[in-house]
Amino acid sequence: MFRFIMRKLHFLHLLHHNPLQDKNKEPEKDPATTLLTKDLQQNLAKLKKILGTSNDIIIRTFTFGSNNIEAALIFLDGMVDKTTVNESILLPLMYEYPQSKSDEDSSWNNIEDIQQKLITVGEVKKTYAVQDTILSILSGDSILLINDLNQALIISTRGWEARGITEPQTEATVRGPRESFTETLRTNTTLLRRKLKDPNFTLETLVLGKRTQTDVAIAYLKGIVNPRLIEEIKRRLNQIDTDAILESGYIEEYIEDNPFSPFATIANSEKPDVIAAKLLEGRAAILVDGTPFVLTVPMLFVESFQTAEDYYSRAYYTSILRLLRFLSFLLSILSPALYVALTTFHQELIPTPLLLTMAAAREGTPFPAMVEAIGMGIIFEILREAGVRLPRPVGQAISIVGALVIGDAAVSAGLVGAPMVIVVALTAIASFVVPAQTDVGSILRIFLTLLAGFLGAFGIAIGILGVLVHMCALRSFGTPYLSPLAPLSTGDLKDVFIRVPLWDMFARPRTIGWIDPQRQAFRLKPEPPPKKD
Amino acid sequence: MNKFSLQIKKMVVLLLVLTLIPFMMSGCWNRRELDKIAIVAAGGIDKENKDKIKITAQVFKVGEIKSPQSGGSATGKPYVNFEGVATTSFEAIRKITQIASRKLYWSHNQIFVFGKEIAQEGIEKYIDFFVRDHETRLMVNVLVSKGTAHEILTTETDLETIPAMNINDIIKDLGATSQAPQITLKDIAERLLSKTSAAVAPLVEVQEINKKKHARIAGTAVFKKGKMVGELTPEESRGYLWVIGKVKSGIINVKTDDGTKRASLEIIRANNKINADIKDGQLVITVKIKEEGTLNEQDSPKNLTELPLWHSLELLQAAAIHREITAALKKSQEYNADIFGFGEVVHRKYPLLWKDLEKQWDELFPYLKVNIEVQAKLRRSGLITKPISPSTEE
Amino acid sequence: MNLETGKIPGYQLIFLIMGFVSSLSMLFLPTQPAKNLAWLAILVSIIEGLLFASIYTALALRFPGKTLVEINEFILGPLVGKIVSLGFLWYFLHLASLHLRNYGDFFTIVYPETPLIVFLIATIFVCALAVKNGIEVIARCSILLVSLIIFLYFFDLFILLKEMDLSKLLPLRNVSVQDFFKASNAVNSVSFGETIIFMMIFPFLNKYVEARKSLLAIIIAGLLIAISAARNTAVMGDLLSIFQYPTYETLKIVDVGDFLTRMEIVVSINFISMGFLKISILYYGLVLGTAQLLKLRTYHPLVFPFGVIITVLGVINYGAISELIPFALEIYPLYSFPFEIGIPLFLLVTAVVRGLPKKTKGDQI
Amino acid sequence: MISLVILTFLGIIAIEVPGLIRKKYWKELIVFLLLLFIAFIASILLAMGFEFPSLIKGIEILIKYILR
């Protein structure tokens, strides 16, 4: 026994060694880390060796100036804007350089001049390191190498085919902005910038992923956000040592507070207005190149029940919707469990006429209610998954077949009772009302239905208590997940079960935006003009 | 800390599995599927022979009541009566499982009927189970049959599907005439627990209409220490209800025009107040009734809404109420059963004196002096102010 | 030596104590001798409870940052202090098991065919999770659960209004003074006196002065129990005396428009959540106290072993529920006397007389 | 039943012990094992159907003895 544990411990120990880190311990042999030399051909050979022979790597060698200076422009086809390369780099070098420099003596090696006077591109940098040049090429910049110079110019020529800004696919709104983030980081930051014209809006970028070299940006509003939150985000991001970041979901999993929790502790959205609002509340956003989904931290549980539209439409109806969403969430996790508990343990709680109807419907069905509930739940999940994955036209066919099979055929064949179908359908619809918690809902639903099948209402209560304990213990970047409910902060309840009018929400959420709590003036309540006497 | 929370998670998963295993293994103890229970709608107890009782349980035949899938082609009665004979209630109920394919489920029991014989012998030993068991309801309506409980549970129904629901609905509508009390098991238990108060229960009988047996409410059964000692007629029953303040509605017929004509008055609301006093060393109970009614029907040609006649109508009404109360009081003193709970009133007023009074309440009650004060008002006269056939004499 | 790093604000203490005090009391209280005056007996017991609680807070405020176990050692010296602490730990252990058993017993009435042990294990497991997560999490759970319970409480009260007959509360001079105080004493020792466990929790308050809020919590919780007792009496009258769980039976009566019937499930919800809180708090105090007594660096490994011990003790506590009520009425007040008032009072008096804690350089709070 | 008890205890050990060893919390480990041993004996006895005397009866006798 003990030996077994020790062996297991040893194994755990091994796991802590990262093979990637080990490989990086002999950096001298890697040509990428060396410096550029003055010999152009040598440099080119080095780069070719690193970049390989892929045919999208374009190495354009040319000479310019009266002295026929050898130079090479290296870029990746498809990732650069050809017009920029042609008109802003090659054209000035090859046409204008001779005129401006021919008379003078060999001051051609003044790279400053080239950078300052010739290249008509916005962003140009110099570098000595091979590593930098490689990275720049791979991310779509062009590299200008000049013979006899041990520096290279990194010319920003990024430009590729990108999807335009479209309507958000996951968060539909009736009222409110319809733009959504795209796959390009720069576009996304621009969208945010346009919403927040504030010098305090800060973007900090870093590159993650050994092989994907994904640009990641942390966005926040200086002065509102808690500096320790930013530090913590950076700490956690820097700990990520993996070879690929393809989507923000990758990052999410690496930086969660409690990786085993079924609850998401990091929010995401593809709507710039949502992200801007969250930044304004004192949160920080993590933008990842290559995905329209932007992460925000810290996330509170109640955030799942708030939508952007809540703040664009009027307060009364929004408040009703809020309550409805909480109800839907409860329904989606509880209704099959309650149905099972009521029909198999607590029949006394069902009003007599209803009980008779339900009993009549159950007459002759072969499976116990719990098996029925779980089976129907699984069938529903299958249908849903099929509907999502299949191409649109087929997806609709699936839903029709599903509805027919479950809703009608199964009932009239006496396989399941009609009330069960109603319960499952209700659950399904309710679970879509709170999209952020849909996946948790599915897990909890099955968990609670099992408990209800074994112990009735007691089982449900024990299950809910367990979940509650877990949720109370959960934190998202240090913020209690159930705040402002537990720990209670009464001021923030203005935006939980109901939404009070905007003019009454003076403060940012206390657990998040306490650095600069007040967000608007008091007494903003609009009033009719005073009556003239 | 991070590693620790990881440990906690591992623990959660592991222990979840561990706790679930025993659940899986020993199955589901209290589970009863809806199609495995027989929903009892009514229970009845009869005397079978010297020391055995017969419990009748009326069970819904769920498939016959509503079958949404197969349309309404229900054949046969939608209920079935099971009978079990044994010495105790519990045993008799368990015996029913020998003939019924499903386990009886009492939580939706609507009514509970005692046969007359068993009521006269004493009900307290048979209801213990129904109060004690967690499945049975305390709010079940209790009644006493003039014959056997079994015959009540086999009566015909017209509007409802099964006799139990039929009788239950009749009892719920008792307020329309206020001629029998609505009594639940809780009320009976409360009265049985009290040393002085006597329990009552509505009385049902079987009446043949068009050769069909129908159940009909026929007054009140009066218990004394758990044994039925007598009956109250419907009128006396209302007298009883006046005193305890449970009259909701009903008709009072009074004779007008020197007893030649009649008028029907409807009771709209009534209040009661019972007070106990000791005057000159004698215990006097004062019952004050305040009643309001409307004139609903008259066959007198006179315009009864004219003031002097109106007032006399009010007095006649008060007198009628007074008569009913006196009749009920007389009966109860005759049976020596304190159905009104006067003892409790005295108890609350004179808690210290009560300790002695309680012991001699049986001797005291038949001669208890009760003052009845009735104040009756008429508020409305319906839609017309004058009779349809106005008087010819002027 | 930081066993517990969590801090709880004062308002959470109110929730904790309310949950703790009203847990069992909503369902079952040894008020049988007081008959229809149960509510009055409870009101009187609030005063006793306040007395007790003020002793605890006085002691806690004298030794800020110290739990009961540490105070014992500080005042009584290492050896005697440890022995006394051991006594307290036994008391907490026994109390936790007693409540767990009581809790299980209630559910065996609702689920007669399910073995008792299932309820004990399921409950103690959830409690163990909470205890593992520390006092902060228990306190946060208490906010949600107590809010829920208060909501349900007023809901109950509302739907029972129809069934109430306030004259059933009378007469006032129905019970002998002896019986009356017997009941109020028992109520005090069962519900308010057990707040001695909070001597283990006061040190984790954000501001130690807020320990005083426990008095407020006791008043609120006491009023809630008293009203619920009055409600039960007004609905059921003398019938109440024959029932094991009066509140449960009272809510069985509910019948609002043929739809809201048999609301006893509400009582079950109440009882599950409050029982969870009460057992968790006792369990937490026990585990923390043991760790402090033995000067351990963490209390986490003790949670599960103690969980098993509590469960086993719960099973062997008593044979039948009929043993419990005489025990709660006759023996329990005596048994709990030294723990609930005797020793705390002695500690306080000793501390005052000896002028403890002496102000030294190291000891500044 | 007994196998379940043993399984539970093995589970508890598997959860707690590795962490304690890794942190070199020997004292805690000893206390843990001691308590677990007590719990184990008690629950095995219970699982085997050993009839424990009623605890509150014992307390009652004790209290009455002290008071006398």
Side-chain angles (χ1 to χ4, degrees), chain C residues 3 89-91 93-95 97-98 101-102 115-117 120-121 124-125 128 132 286-287 290-291 293-338, chain D:
Chain C
L3 280 172
L89 292 178
W90 160 256
Y91 180 62
L93 175 66
H94 184 222
L95 220 51
S97 74
L98 207 59
R101 172 62 188 270
N102 210 310
L116 172 76
I117 191 83
L120 303 194
I121 291 176
I124 203 73
F125 176 63
K132 273 250 170 189
L286 166 69
V287 171
T290 313
L293 187 74
L294 300 173
K295 303 240 173 345
L296 304 182
R297 280 160 290 185
T298 167
Y299 67 84
H300 286 265
L302 306 185
V303 174
F304 282 117
F306 267 125
V308 179
I309 293 176
I310 291 174
T311 316
V312 174
L313 275 186
V315 176
I316 66 179
N317 243 325
Y318 47 86
I321 182 96
S322 51
E323 289 175 37
L324 188 64
I325 292 165
F327 176 78
L329 274 171
E330 309 285 339
I331 306 298
Y332 188 76
L334 296 172
Y335 168 53
S336 61
F337 178 81
Chain D
M1 198 60 194
I2 292 172
S3 58
L4 263 177
V5 172
I6 294 173
L7 211 65
T8 316
F9 277 87
L10 286 183
I12 295 176
I13 289 174
I15 287 159
E16 299 287 0
V17 169
L20 289 175
I21 293 176
R22 198 179 311 137
K23 288 191 181 166
K24 301 204 165 54
Y25 277 8
W26 304 122
K27 194 174 164 190
E28 285 76 3
L29 185 68
I30 291 167
V31 175
F32 166 74
L33 289 176
L34 208 70
L35 278 173
L36 203 67
F37 181 70
I38 299 171
F40 183 69
I41 295 294
S43 43
I44 280 287
L45 282 178
L46 204 64
M48 292 199 308
F50 181 79
E51 285 281 328
F52 284 92
S54 158
L55 193 63
I56 60 173
K57 265 279 171 325
I59 289 168
E60 199 177 322
I61 293 166
L62 189 74
I63 297 273
K64 284 191 174 149
Y65 179 77
I66 291 172
L67 285 184
R68 199 176 302 133

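Residue numbering restarts at 1 for every chain, and letters A, B, ... go by the order of the sequence lines.
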- Taking the side chain as every heavy atom from C-beta outward, state whether Phe306(C) and Leu35(D) have any atom pair closer than 4.5 Å. yes

Part of [X] within contact of chain C (heavy atom distance under 4.5 Å):
X	value
Leu67(D)	side chain
Ile56(D)	both
Leu36(D)	both

- Per-residue tally against chain D (heavy atom, under 4.5 Å) across Leu294(C), Ile310(C), Leu98(C), Leu324(C) peaks at Leu294(C)

- ring-ring contact (aromatic ring centres under 6.0 Å, His included) contacts in which one or both residues fall within residues 27-47 of chain D, not counting sequence neighbours: Phe9(D)-Phe40(D)

- Query: So what's closer than 4.5 Å to chain D heavy atoms on Val312(C): side chain, backbone, both or neither?
  - Reply: both

- Message: Do the side chains of Lys64(D) and Glu330(C) get close enough for a salt bridge, i.e. N-O under 4.0 angstrom?
- Response: no

- With sequence neighbours excluded, what pairs up with Tyr335(C) under the side chain to side chain donor-acceptor pair (under 3.5 Å) test? Trp90(C), His94(C)

- Could you tell me whether the side chain of Glu60(D) and the main chain of Phe327(C) form a donor-acceptor pair under 3.5 Å? no

